[in-house]
Amino acid sequence: MNEVLPKIVLKSGKDQSLKRFHPWVFSGAIKKIYGSVNEGDVVKVFSNQDEFLGLGHYQIGSIAVRIFSFHDIEVDETFWRTKLLNAFRLRQSLDLAGNSETTAYRLVHAEGDGLPGLIIDIYNKTAVMQMHSIGMYNIRHLLAKLLVEILGDRLEAVFDKSSKTIPFKAGLGAADEFIHGESEPGIVLEYGTRFKVDWEEGQKTGFFIDQRENRLLLQQYSKDRDVLNMFCYTGGFSFYALRGGARLVHSVDASAKAIDLTRENVEMNFPGDLRHEAFVADAFEYLKDIKNKYDLIILDPPAFAKHRDALGHALQGYKRINARAFEQIRPGGIVFTFSCSQVVSKEKFREAVFSGAAIAGREVRILHQLNQPPDHPVSIYHPEGEYLKGLVLYVE
Ligand code: SAH
């Protein structure tokens, strides 16, 4: 089976992580490549003792192979169909594959679904695919065809949004475009709240589906509180705060477009509600002067570190913004604080927030430790997949 595939042999001792089903082969672990191999090709990986380890997509870069099978099986249409079907069945079994209250969900979460390099989010009847590897990008039409087959009349369009996530050095000229059907930016439901999602122009695949459960939790904490939703983007947390009975909600983001979207979304769900105001501002500036203004603060910044090299800088950033919030929040206040940087571990994030609390000199207690929802599963062998981390804190 797969006899003709290029073969990659690892250096002695570099096979341990693959034997523990970790799906990445780093370039430094490779001893030799047999056969001609192009970026995106399916390759077979072996130990230095010639033991089969896995099948994956090859790419030039620090992660040289992304493994999608630890069994030596045929990588054909049936293989990919089974993978997508498994991902869909998991969501269905959890009642997350779209229901009358929630119409946005993640269908494929890369390594968490044994499909490294592939993200698929569903918004009503549109699938937004975001490829992070050339191997997945090369088979996008096949994947789209299989999606249509599996989802049937639940799907009308497939949008490929990989132009910013595919390594540009590969020179593939990836464009963001529909590869099946077409759809307009639409109104999506999340726990009955309505959001406008623009999959063509918006950040990521258009919306931050991963905060769904954390937003719902926030609703419980909002009653009679003055809320600051910092880094609000489409306003996600703000609607839940309004729904939970907040006294006032201020949404802040550096992007004017995000603020327009937030206003539009608030108006759609809570027409004429004077409790809400939205401001375009830089977080670090805005947080300089909010003394005793708020008793619930949400800090959901963009990934401060996209690469390991930026880790130190990112931790400083988390420390600083959290310190600002702790210093100024009213006594008895609640902070919802997050990090979505994959390279920042749960422990490191907690340490940064801890340092922020120490700077402020306030007594701070952890009420909840949050993460990503079950449609963003984490392979137990790939802890890096646990990228979203959050803490709900009570500030004395
Ligand atoms: N909380 C949002 C997602 C936040 S994404 C949700 O639930 O959907 C991060 C947001 O931070 C983006 O909208 C981006 O425009 C904004 N942002 C980035 N840098 C910023 C800064 N320095 N000050 C304020 N906002 C910033």
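Numbers here are sequence positions counted from 1. In listed order, ligands and their atoms are each counted from 1.
- The contact shell of ligand 1, taken as protein residues with any non-hydrogen atom closer than 4.0 angstrom, comprises Gln203, Phe208, Arg215, Phe231, Cys232, Tyr233, Phe237, Asp253, Ala254, Ser255, Ala281, Asp282, Ala283, Asp300, Pro302.
- Between Phe237 and Phe338, the ring centre distance stays below 6.0 Å.
- With Phe68 as the fixed residue, the ring-ring contact (aromatic ring centres under 6.0 Å, His included) test singles out one of Tyr58, Trp24, Trp80, Phe21: Trp80.
- Checked against side chain to side chain contact (heavy atoms under 4.5 Å, CB included), Ile179 has the following partners two or more places apart in sequence or in another chain: Met129, Arg140, His141, Ala144, Val158, Asp160, Glu177.
- The side-chain heavy atoms of Tyr381 and Glu111, taken from C-beta on, include no pair separated by under 4.5 Å.
- The only option from Arg89, Lys83, Arg106, Arg91 that meets the salt bridge (charged side-chain N to carboxylate O under 4.0 Å, His left out) definition with Asp113 turns out to be Arg91.
- Atom NE2 in His276 sits 11.0 Å away from atom CG in Asn269 (nearest 0.5 Å).
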